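Report on one structure; see the data block that follows.
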Amino acid sequence: MSGNRKGEGKGGVHVHEHDSGPGPEYQAVIGLEIHVQLHTRSKMFCGSSAEFGATPNTHVCPVCLGLPGALPVINARAVELALRAAVALDCTVHEASVFARKHYFYPDLPKGYQITQYDRPLATGGWLDVPSQALTGGSAGTPSAEGESGGAGDPADDPGSPSAPRLPLSHSPAPPLVPAPGPGARDTEARAPGRVRIRRIHLEEDAGKSVHDRLPGKTAVDLNRAGVPLIEIVTEPDLGSPEHARAFLTQLKQLIEYIEISDCDMEKGSLRVDANVSVRRRASTGLGTKTEVKNLNSFSAVERALAFEIRRQVGELEAGRAVVHETLLWDAERGEARSMRSKEESDDYRYFPEPDLPPLVLRPGDIEAVRTGLPELPAARARRFVEVFGLPAYDAAVLTATREIADYYEAAAAAAGDAKAASNWVMGDVLALARQHRCGVAALRVQPGHIGELARLVADGTLSRPLARQLFEQAADSGRSPAELAAEEGLGQVSDSGQLEAWVAFVVAAHPQEVSRFRAGEEKLMGFFMGQLMKESGGRADPQRSAALLRSRLRA
């Protein structure tokens with residue numbers, strides 16, 4: 001495919017990126033492999049730093065370079081973070097798991113193999129629910145191909161750091177290994193609408209990075225990332241459309257950030273996605289030939305690449321040609337997927353148990369300690385916001401988008417004594433200010449307690465909403481209490497009838513043409529008059545009493 005023109009599939013089938021989906025005759029079957037860089041200070045099997053962005057080839061050692069005689073040691077912190085993901089995704093965590101060598105050649109893989117987990121992974125059989133409104137293509141519920149390698153690199157704790165929480169690891173004696181469930185072990189179970197099943201989560205190390213734009217006409221290799229700890233999350237093929245895949249990834253990223261195992265920064269490579277996709281006729285119960293699309297560095301790229309590949313495969317079948325089982329590389333600039341190599345099978349990697357690492361054995365208490373240490377997860381928190389605070393589902397979804405926003409909102413609601421008023425302030429003014437400053441809400445000078453003060457001052461009639469918004473802006477600039485600012489500047493809502501009547505009389509006298517139009521039936525001008533009255537009063541006029549007095553004067 002590399003020689004095809006833009007928008008043209010293999011064999012000359014013309015494919016436009018904005019064509020419709022597979023059409024009524026075909027169904028897409030999608031499974032994802034998500035590689036998540038764990039937030040550790042050191043690498044998976046050695047003490048070299050996992051810091052992102054260092055000078056190339058400075059964070060390396062004999063272990064991650066694969067030098068003879070160097071022996072790997074498991075990073076206990078990486079295991080703990082992987083367990084967090086497994087428990088949060090309702091997986092079965094296996095008491096014993098085994099590391100294996102996966103052999104393949106890349107210039108940035110110094111050992112010539114990757115240490116990963118194969119037939120005895122850390123965890124299997126979990127799930128993640130996706131909101132029903134995101135489901136546009138249905139699900140397939142059929143076995144997907146085994147996951148491949150992948151990953152990235154970023155900072156947390158290393159295997160010997162005295163300050164790090166330690167997860168005790170045992171290596172012997174190892175209990176008998178129980179085979180993990182097979183690919184279709186859970187296929188017969190009833191599945192909730194929108195539920196995407198997780199086939200497996202396994203631990204592995206990353207490869208280095210090939211850099212193609214540093215030296216003209218040459219490829220440079222940076223091995224700083226070699227050995228950085230990853231988990232790979234492999235789904236069952238329960239996704240039926242590109243939109244469904246994007247919605248699932250959005251939910252998964254939110255969950256990973258809540259449990260604080262990775263920053264999920266796709267620009268740094270902290271989260272990477274490979275997508276497996278095939279198409280079949282809707283009447284068919286079998287699977288079509290699968291392709292894998294790599295180089296997906298954003299969720300929009302995942303969605304676009306899947307849409308392209310679905311249309312390409314349908315075009316191949318409609319033209320009477322077979323879909324080739326291969327790995328494709330997504331070219332975001334050209335909007336097309338190009339053939340990279342024929343798709344490898346498990347035998348091609350010559351897996352065998354890693355001889356330098358005994359089985360990884362966990363105690364039941366270790367798993368329970370991770371479970372009890374997890375924060376409230378986003379779906380559960382959103383449900384609580386609806387059930388306990390009485391918020392609309394939309395508000396709850398916005399306010400639980402990140403753990404930081406949810407924490408901020410809960411503190412503001414407690415300070416305000418009014419969950420809905422706090423929701424309005426956070427969803428409106430607070431999030432707008434955070435977008436303006438391109439920062440998280442925790443970095444703002446407006447504290448949750450300030451939001452509580454503003455909500456109470458509006459509720460008891462001390463401040464009008466416009467005046468409260470003015471104080472919000474002052475608090476955002478100064479970090480000072482809105483109540484203190486209001487008292488210092490003599491601000492407060494004016495309800496005195498005499499003062500309100502004076503402002504009303506001035507506004508009516510100043511706009512005779514608008515008064516005539518109002519009396520002729522243009523009652524929508526009421527908003528204009530209220531705006532003028534608030535301007536005249538400096539936002540201090542009681543809105544309800546002012547509106548009543550203004551309407552009475554205009555109709556006189």
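The figures that follow rest on heavy atoms only: side chains count, while hydrogens, waters and symmetry mates do not. None of these values were measured; they are calculated from a predicted model.
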Only counting residues at least two apart or in another chain, list the ones meeting side-chain contact (heavy atoms from CB on, under 4.5 Å) with [X].
{"X": "S49", "value": "E51, H59"}
{"X": "N297", "value": "A301"}
{"X": "F506", "value": "E536"}
{"X": "A414", "value": "none"}

For H437, all residues meeting ring-ring contact (aromatic ring centres under 6.0 Å, His included), sequence neighbours excluded: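 ring-ring contact (aromatic ring centres under 6.0 Å, His included) check on H437 returns nothing, list empty.
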If a pair satisfies salt bridge (Lys or Arg N to Asp or Glu O under 4.0 Å) and one of its residues is in residues 419-431, list it, with sequence neighbours excluded.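 Listed by first then second residue: D395-K420, D429-R465, D429-R469.
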Minimum heavy-atom separation for [X] to [Y], with atom names?
{"X": "V93", "Y": "A123", "value": "CA-CB, 4.1 Å"}
{"X": "A382", "Y": "A396", "value": "O-CB, 3.6 Å"}
{"X": "A245", "Y": "L306", "value": "CB-CD1, 3.7 Å"}
{"X": "A307", "Y": "P242", "value": "N-CG, 3.7 Å"}
{"X": "S262", "Y": "I256", "value": "CB-CG2, 3.9 Å"}
{"X": "A28", "Y": "I310", "value": "CB-CD1, 3.6 Å"}

Report yes if some heavy atom in the side chain of [X] is under 4.5 Å from a heavy atom in the side chain of [Y]; otherwise report no.
{"X": "E404", "Y": "E257", "answer": "no"}
{"X": "V426", "Y": "V441", "answer": "no"}
{"X": "L433", "Y": "F472", "answer": "yes"}
{"X": "P378", "Y": "R403", "answer": "no"}
{"X": "R381", "Y": "E410", "answer": "yes"}
{"X": "Q474", "Y": "L471", "answer": "yes"}
{"X": "M266", "Y": "K253", "answer": "no"}
{"X": "I34", "Y": "F248", "answer": "yes"}

Gap between atom [atom2] of [Y] and atom [atom1] of [X] - 0.5 Å precision:
{"X": "C91", "Y": "R197", "atom1": "SG", "atom2": "CZ", "result": "12.5 Å"}
{"X": "L467", "Y": "L454", "atom1": "CG", "atom2": "CG", "result": "10.0 Å"}
{"X": "L203", "Y": "L230", "atom1": "CG", "atom2": "CG", "result": "9.0 Å"}
{"X": "E80", "Y": "I367", "atom1": "CD", "atom2": "CD1", "result": "12.5 Å"}
{"X": "L329", "Y": "L296", "atom1": "CG", "atom2": "CG", "result": "9.0 Å"}
{"X": "Q532", "Y": "L525", "atom1": "CD", "atom2": "CG", "result": "11.0 Å"}

May I have the list of side-chain donor-acceptor pairs in residues 548-556 shorter than 3.5 Å, sequence neighbours left out?
from : atom 1 : to   : atom 2 : distance (Å)
R555 : NH2    : E523 : OE1    : 3.3
R555 : NH2    : E523 : OE2    : 3.4

Go through the steps for V130 and L239 under the test side chain to side chain contact (heavy atoms under 4.5 Å, CB included), then give the verdict. CA-CA 10 Å; V130 179; L239 299 152; 5.7 Å; no
Salt bridge or not between D238 and R199? Use side-chain N to carboxylate O under 4.0 Å.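 R199 and D238: not salt-bridged.
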Would you please test L328 and R312 for side chain to side chain contact (heavy atoms under 4.5 Å, CB included) and show each step? CA-CA 12 Å; L328 306 170; R312 187 191 71 82; 4.2 Å; yes
Sub-3.5 Å donor-acceptor pair from the side chain of [X] to the main-chain atoms of [Y], do we have one?
{"X": "R195", "Y": "D129", "result": "no"}
{"X": "T235", "Y": "L32", "result": "yes"}
{"X": "Q313", "Y": "V279", "result": "yes"}
{"X": "K43", "Y": "N224", "result": "yes"}
{"X": "S423", "Y": "A419", "result": "no"}

Cut-off 3.5 Å, no hydrogens considered: what does the side-chain donor-acceptor table look like for residues 81-89, sequence neighbours left out?
from : atom 1 : to   : atom 2 : distance (Å)
R84  : NH1    : I259 : O      : 2.7
R84  : NH1    : E260 : O      : 3.4

Hey, could you give me each pair passing side-chain hydrogen bond (donor to acceptor under 3.5 Å, both in side chains) that has a residue in residues 441-457? Not counting sequence neighbours.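 Listed by first then second residue: E453-S481.
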Assess the side chains of H35 and D274: does a donor N or O sit below 3.5 Å from an acceptor N or O?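 Side-chain D/A pair, H35 to D274: present.
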Can you find a side-chain donor-acceptor pair between E243 and S241 that sits under 3.5 Å?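 Yes - a donor-acceptor pair under 3.5 Å links their side chains.
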For K209, enumerate each residue passing the salt bridge (charged side-chain N to carboxylate O under 4.0 Å, His left out) test, keeping only those at least two apart in sequence or located in another chain. none
Under the salt bridge (charged side-chain N to carboxylate O under 4.0 Å, His left out) rule, collect the residues that match up with E473, sequence neighbours excluded. none
Please report the C-alpha distance between F299 and L271 in whole Å, then the side-chain angles of each, then the deciding distance to 0.1 Å, and finally whether the side chain to side chain contact (heavy atoms under 4.5 Å, CB included) criterion is met. CA-CA 10 Å; F299 291 170; L271 188 151; 4.0 Å; yes
Tell me, which pairs form a ring pair (Phe, Tyr, Trp, His ring centres under 6.0 Å) where one or both residues lie in residues 401-423, sequence neighbours left out? F385-Y409, F389-Y409
Could you go step by step and tell me if V302 and W330 meet the side chain to side chain contact (heavy atoms under 4.5 Å, CB included) rule? CA-CA 9 Å; V302 172; W330 175 245; over 6 Å; no
